[in-house]
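These notes are about the structure you will find just below.
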There are 6 protein chains.
Amino acid sequence: MTAVVGDGGGRCIAVVNCNTSSEMTREIAAGARAVAAPGTEILGLQPVWGPTSAEGFYDSFITAAAVLDLLTTLPAEVEIDAVVMAGFGEHGREGARELLECPVVDITEAAAMHAMLLGHRYGVVTTLPRVRGQIEDSLLVAGLAQRCVGVEAADLGVLEVGRDHARTVAAFVAAGERAIGAGADVLVLGCAGFTAVRAELAAALAVPVVDAVSAGVTTAEALLACGSRTSKVGAYARPLTKARTGWPVAVGW
Amino acid sequence: MTAVVGDGGGRCIAVVNCNTSSEMTREIAAGARAVAAPGTEILGLQPVWGPTSAEGFYDSFITAAAVLDLLTTLPAEVEIDAVVMAGFGEHGREGARELLECPVVDITEAAAMHAMLLGHRYGVVTTLPRVRGQIEDSLLVAGLAQRCVGVEAADLGVLEVGRDHARTVAAFVAAGERAIGAGADVLVLGCAGFTAVRAELAAALAVPVVDAVSAGVTTAEALLACGSRTSKVGAYARPLTKARTGWPVAVGW
Amino acid sequence: MTAVVGDGGGRCIAVVNCNTSSEMTREIAAGARAVAAPGTEILGLQPVWGPTSAEGFYDSFITAAAVLDLLTTLPAEVEIDAVVMAGFGEHGREGARELLECPVVDITEAAAMHAMLLGHRYGVVTTLPRVRGQIEDSLLVAGLAQRCVGVEAADLGVLEVGRDHARTVAAFVAAGERAIGAGADVLVLGCAGFTAVRAELAAALAVPVVDAVSAGVTTAEALLACGSRTSKVGAYARPLTKARTGWPVAVGW
Amino acid sequence: MTAVVGDGGGRCIAVVNCNTSSEMTREIAAGARAVAAPGTEILGLQPVWGPTSAEGFYDSFITAAAVLDLLTTLPAEVEIDAVVMAGFGEHGREGARELLECPVVDITEAAAMHAMLLGHRYGVVTTLPRVRGQIEDSLLVAGLAQRCVGVEAADLGVLEVGRDHARTVAAFVAAGERAIGAGADVLVLGCAGFTAVRAELAAALAVPVVDAVSAGVTTAEALLACGSRTSKVGAYARPLTKARTGWPVAVGW
Amino acid sequence: MTAVVGDGGGRCIAVVNCNTSSEMTREIAAGARAVAAPGTEILGLQPVWGPTSAEGFYDSFITAAAVLDLLTTLPAEVEIDAVVMAGFGEHGREGARELLECPVVDITEAAAMHAMLLGHRYGVVTTLPRVRGQIEDSLLVAGLAQRCVGVEAADLGVLEVGRDHARTVAAFVAAGERAIGAGADVLVLGCAGFTAVRAELAAALAVPVVDAVSAGVTTAEALLACGSRTSKVGAYARPLTKARTGWPVAVGW
Amino acid sequence: MTAVVGDGGGRCIAVVNCNTSSEMTREIAAGARAVAAPGTEILGLQPVWGPTSAEGFYDSFITAAAVLDLLTTLPAEVEIDAVVMAGFGEHGREGARELLECPVVDITEAAAMHAMLLGHRYGVVTTLPRVRGQIEDSLLVAGLAQRCVGVEAADLGVLEVGRDHARTVAAFVAAGERAIGAGADVLVLGCAGFTAVRAELAAALAVPVVDAVSAGVTTAEALLACGSRTSKVGAYARPLTKARTGWPVAVGW
């Protein structure tokens with residue numbers, strides 16, 4: 001397990017980057033820590049296998065299994081109180097909910113929820129045009145698409161974001177303007193690891209901007225404060241005991 | 001202003017009961033405090049005028065104005081960081097969002113959101129059959145109805161709840177069973193001041209049960225931790241300056 | 001009660017302006033009379049308190065309560081056969097339906113219905129951009145949004161409309177063209193007191209234009225001709241008898 | 001043209017039975033006259049060809065063409081101000097709207113609209129189970145299905161209705177109870193020629209019952225009072241001039 | 001019956017042009033043969049009466065009855081294994097399903113289905129703007145509209161298509177670009193008899209282009225290979241035996 | 001690659017079982033062959049790793065990656081013209097569409113499409129209650145849920161099906177009756193490898209029953225006959241070239 005070491009404390013929230021980029025994992029964990037409650041330990045995790053970035057359905061399904069593999073093989077001594085799935089628009093959340101009893105928060109859902117509390121119609125600004133459909137699907141199946149006016153792409157790859165900060169901000173501002181033109185009065189940053197862009201975007205566009213990782217972590221805190229746990233009845237009942245050839249994948253390495 | 005005195009501390013969340021029952025305001029505030037973060041002050045508020053309980057559209061629209069009246073006339077020295085609208089399925093949330101810049105969380109929305117993170121389909125259990133349509137409307141316009149399988153009524157009035165505890169629990173268990181039969185794997189307690197029923201209901205039905213006030217308060221904490229504020233563009237732009245005869249109502253008393 | 005005096009006759013339809021502008025109440029009543037059946041008395045009403053115009057959620061919820069206050073305190077000798085709620089996109093209709101047994105027609109609903117009978121897709125042209133979301137919500141919860149292609153704003157305040165007639169018409173024509181460009185083949189004038197604009201708009205745009213007050217009054221006549229009354233079962237059952245502090249508001253003055 | 005002779009007067013509304021049963025045409029026309037305004041002439045019409053009753057898609061498409069055939073071949077001296085399509089759930093309304101400039105009201109739409117103004121959720125009670133899907137489709141495409149809780153069948157053929165009055169009423173009461181059990185607080189009589197059943201049904205079930213022909217005629221009156229005409233732009237633009245072999249059908253006889 | 005003579009073989013699929021243009025019937029049949037399996041006979045049919053082209057609701061309802069008339073009066077010796085309704089967006093499919101036991105495939109549905117298997121969002125390119133609403137209705141009632149981003153018109157009449165090939169292609173390319181701009185990654189040719197345009201459109205726009213007749217015929221083959229037949233329960237139960245005056249129409253000639 | 005050996009011929013359709021049960025792969029391939037065209041080779045495939053049956057979200061996401069792993073590592077000499085994803089309600093179809101240019105048919109989609117052509121409302125009968133939500137999600141995101149009345153479970157595990165044939169049939173008949181009671185007039189067998197049950201179910205319930213594998217294979221044939229290929233623009237553009245640690249998984253073994 002390539003876990004970023006926890007920072008001590010009581011409650012532990014695992015923030016799971018869906019790709020194998022350690023730099024992004026660190027950035028996500030740092031963003032998570034910035035909003036976590038004083039007593040909360042943030043455990044930044046990333047899968048052992050899979051793509052260094054997820055930008056499409058093919059990668060998304062790989063990361064879904066890789067993240068489930070990770071969650072299945074966590075050492076017994078790692079005690080986690082909640083999981084934040086930190087891949088925006090990525091698959092796998094329902095599988096994690098089936099596997100675990102603790103709350104599982106997908107940052108896609110959490111960000112949309114925060115946006116829906118801050119404005120009347122929200123837009124998503126994301127990286128590449130190719131992921132728009134995937135994000136739309138993720139919101140649709142989550143039952144959170146009704147108030148979304150659209151997903152606009154900055155046309156930057158996940159790992160390009162931040163390389164040229166000014167260009168990144170400009171591209172996101174342009175995408176945000178398109179979303180606002182379509183009726184949005186609040187924006188969601190549709191990608192993990194965008195925390196640095198948020199303040200500039202909000203300043204430039206004069207609308208609230210939701211950082212997805214921040215929304216995910218604080219939503220996990222909210223569920224924990226309520227003592228809530230994932231349903232173990234129906235769709236999220238524990239996985240059946242059965243033969244799974246070559247699974248988990250990582251233990252065979 | 002008939003405010004329950006705050007309990008000191010840094011951050012202050014106003015939890016606004018929509019009716020004029022002080023007993024219910026106290027109960028709601030107590031439920032809020034039970035889940036609030038250590039440094040958070042809970043300010044239990046209730047409108048100065050309006051019904052002692054809201055059980056239908058007529059009352060709901062009265063309470064909406066009465067709560068807006070309250071929020072308009074808060075003394076300058078009361079500094080509030082977030083507002084929780086603690087009337088389940090009641091009107092007014094969009095008006096408060098227009099008036100204020102701090103986050104405004106309706107417990108109806110927050111509870112549905114928590115339920116959607118814990119299960120695959122949720123049901124609402126509430127008091128009287130007459131409020132089912134109003135709750136459905138509230139969820140519809142909030143964009144949160146898609147994954148709701150139905151609203152089931154225990155057939156108890158708001159103020160009856162808790163009078164005969166065993167009967168209350170039995171009635172809610174029966175309503176919960178109907179919701180589960182319709183496909184729910186998580187339930188929302190569709191009324192403020194139900195905190196006492198939650199644990200028994202969850203134990204009897206083996207599904208997670210979301211207490212709406214708890215969800216509302218912790219969601220407000222989440223928004224505050226993210227530094228989020230209500231959009232002041234478009235639908236929630238500040239109210240226009242204009243003549244409003246006899247408004248606010250309470251100051252004329 | 002600041003009622004415009006009725007004009008005598010048999011059947012009486014109360015046309016309730018939601019704001020306290022007497023000029024607008026007179027204009028609405030005049031528009032109503034122009035389409036009412038020979039034997040119908042039009043009773044133009046306005047609330048005793050509240051904003052002089054409603055342009056947003058905050059005002060809308062105030063007017064909802066003020067209108068319910070008015071309807072609750074009507075003198076016994078005022079016999080009303082139907083109520084037309086003459087605030088486009090404003091709240092409160094369900095509360096009035098709960099309070100009364102006679103038909104209650106919201107002009108928002110009636111106008112959308114007329115439009116849906118005259119064309120295949122309709123658009124709404126309204127005053128300020130800030131009310132677009134509120135109108136969308138009103139149509140959504142009424143179950144009448146499916147065939148609406150959009151709400152376009154002329155960017156004129158409610159009370160500005162008509163001050164400069166040529167500018168008003170030009171602004172509405174431009175908004176109408178946007179709606180037609182989005183697929184509308186019929187338009188709804190999304191504001192009360194627009195009757196004067198209708199003919200010019202229809203002439204300029206070559207599509208039918210529905211005046212909301214006219215639609216509301218004639219729809220009320222239609223319901224009366226059928227002998228229909230509001231349901232008193234379920235969501236619109238009569239308000240429960242209970243203590244309502246300081247309510248109705250106006251009687252305390 | 002097998003027209004029931006008009007009863008004189010100024011404004012003329014053609015009420016078009018979709019089938020060739022003269023008895024039903026008479027009954028529909030009588031129902032129409034009972035709610036029409038004093039000055040309105042009701043012209044009961046029926047197609048020259050087609051089924052004696054329409055109970056399914058096959059018949060419905062035949063009647064759609066037969067009604068359009070009738071409307072195409074009306075003698076020039078018949079001046080009609082509005083058309084009421086008096087077949088519940090039947091096809092053809094959009095074709096008539098394309099052909100004509102006067103308002104065309106489908107009783108399916110008008111009845112649903114009246115129901116939506118009188119209650120919060122409506123149900124439809126109709127004749128045979130086989131037509132449920134067709135009625136659902138008709139409401140869906142009209143954009144009026146959202147607040148319909150279901151279509152319940154009395155399991156009586158169109159022409160059976162009224163033969164044994166007590167049995168008819170009992171069957172409709174049972175269907176109505178199922179709709180109310182599903183959440184309806186107002187019912188639509190989903191068939192033309194049911195006027196006789198309405199009062200008994202309303203009395204037995206304590207909810208408003210909408211007679212579709214009554215709703216259609218009074219809605220046509222409403223549109224006429226507003227001076228409204230069908231859009232001639234876009235989907236309802238006048239039919240193109242072209243060769244139509246053997247059409248109209250009736251003139252070849 | 002003006003049938004284009006079949007080409008022999010085992011399985012027989014009737015491809016029914018909805019209008020009376022023999023040229024278009026031949027073109028449709030040729031397109032059908034080009035994709036049919038080796039052993040399949042294609043029987044090109046057209047109604048005996050009705051318009052030479054269908055471009056609007058009025059024509060569409062005429063063709064629906066004319067096609068049902070044709071299917072009702074097919075000589076006993078014509079044995080048909082499946083029917084393809086080859087009018088894009090035209091009415092009547094449910095009537096044919098009620099009449100027949102063999103599979104009935106509407107090319108509108110089949111084309112949308114193929115598009116939904118090849119891309120994530122589809123657009124329809126069609127002839128005249130006036131038919132856009134009708135196509136939207138057809139997809140809506142078929143339950144296939146969710147993933148359609150829009151219907152774009154080339155502004156060419158049905159019979160104009162192909163007269164000036166270069167102009168036709170250019171007009172369709174422009175319409176296709178609008179659909180792609182709205183989010184489509186696959187296009188449907190929303191008209192029968194367009195087969196010639198398909199390859200050029202696909203080449204020019206770099207997206208898959210679905211020819212509706214091809215989709216319809218191969219879908220019928222698929223249903224036949226599975227041994228599937230139309231449901232005879234509920235909405236598609238066989239038409240009731242009853243008097244139908246002057247029906248079928250053609251036998252009276 | 002654990003491929004069931006192909007049976008020779010021209011066109012080759014890979015039918016991919018999502019689990020590692022060779023018995024089920026054989027059964028699926030046999031069902032596929034029974035409906036394939038004479039010249040079509042059926043290549044039964046199964047992933048090298050993953051669960052022996054998929055009954056829930058956790059397994060579904062594992063199989064999605066395992067199937068993509070398989071498709072990524074197919075030997076160059078295996079030439080495939082189309083892929084049928086033969087796991088009912090399972091994830092991964094969009095990833096395969098991104099990876100490949102040939103048509104990819106998910107049996108969930110194909111079966112729903114066939115059902116929608118044969119009846120007016122369809123129901124799904126499946127194995128365990130726990131997979132109902134997953135199937136609903138799959139249909140929702142595919143845009144095929146509108147006409148589905150529900151998913152009913154026989155309460156049998158995937159591998160139990162067929163062990164006790166009489167019990168299996170009885171359990172599916174009971175589930176089918178519930179779906180028909182909810183309004184279905186056609187059923188989908190919501191599981192791969194059910195071919196044996198289909199005829200008995202259809203006979204017992206008198207409605208058409210769609211076998212999902214049959215629908216999938218014949219739909220793939222239909223797309224191939226039309227010369228259709230998957231869109232390579234937008235959401236299904238080829239996966240980006242990038243580092244993917246430990247992927248494909250199987251080649252590391």
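Lettering of chains follows the sequences in order, A, B, ..., and the numbering in each one begins at 1.
- Here the side chain of Arg97(B) pairs no donor or acceptor atom with the backbone of His120(A) at under 3.5 angstrom.
- Both the backbone and the side chain of Ala225(B) come within less than 4.5 Å of a heavy atom in chain A.
- For chain B, the option among Ala235(A), Gly234(A), Ser214(A), Gly119(A) with the highest count of heavy-atom pairs below 4.5 Å is Gly119(A).
- Leu118(A) is not listed as a side-chain neighbour of Ser231(B), based on a closest heavy-atom distance of 4.5 Å or more.
- Interface residue Arg229(A): only backbone heavy atoms are found under 4.5 Å from chain B.
- Heavy atoms of Arg121(A) lying under 4.5 Å from chain B are absent altogether.
- Within the 3.5 Å criterion, the main-chain N or O of Leu140(B) finds a donor-acceptor partner in the side chain of Gln146(A).
- Contact annotation for Val210(A): neither backbone nor side-chain heavy atoms come within less than 4.5 Å of a heavy atom of chain B.
- Glu79(A) CD: 12 or fewer foreign heavy atoms inside a 6.0 Å radius.
- Proximity to chain A (any heavy atom under 4.5 Å) is shown, for Val213(B), by neither the backbone nor the side chain.
- The candidate with the highest count of non-hydrogen atom pairs below 4.5 Å against chain B, out of Pro103(A), Ala142(A), Ala206(A), Ala215(A), is Ala142(A).
- The greatest number of non-hydrogen atom pairs below 4.5 Å with chain B, out of Ala36(A), Ala37(A), Ala237(A), Gly143(A), is found for Gly143(A).
- Comparing Leu117(A), Thr230(A), Leu224(A) by how many heavy-atom pairs each has under 4.5 Å with chain B, the most go to Leu117(A).
- Applying side chain to side chain contact (heavy atoms under 4.5 Å, CB included) to Met113(A) and the options Met113(B), His114(B), Glu109(B) leaves one that passes, Met113(B).
- Here Leu223(A) contributes atom CG and Thr219(B) contributes atom OG1; the two are 7.5 Å apart, rounded to the nearest 0.5 Å.
- At a 4.5 Å heavy-atom cutoff, Ala112(B) makes no contact with chain A through either its backbone or its side chain.
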Inset, instruction - Show the numbers, then the answer: is there a side-chain contact (heavy atoms from CB on, under 4.5 Å) between Thr218(A) and Cys226(B)? - result: CA-CA 7 Å; Thr218(A) 55; Cys226(B) 295; 3.4 Å; yes
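- Contact of Arg93(B) with chain A is not made at all, since no heavy-atom distance falls under 4.5 Å.
- Heavy atoms of Ala145(A) lying under 4.5 Å from chain B are absent altogether.
- Between Met116(B) and Leu144(A) the shortest side-chain heavy-atom distance falls below 4.5 Å.
- Between chain B and the residues Gly227(A), Ala184(A), Ser228(A), the largest count of heavy-atom pairs under 4.5 Å involves Ser228(A).
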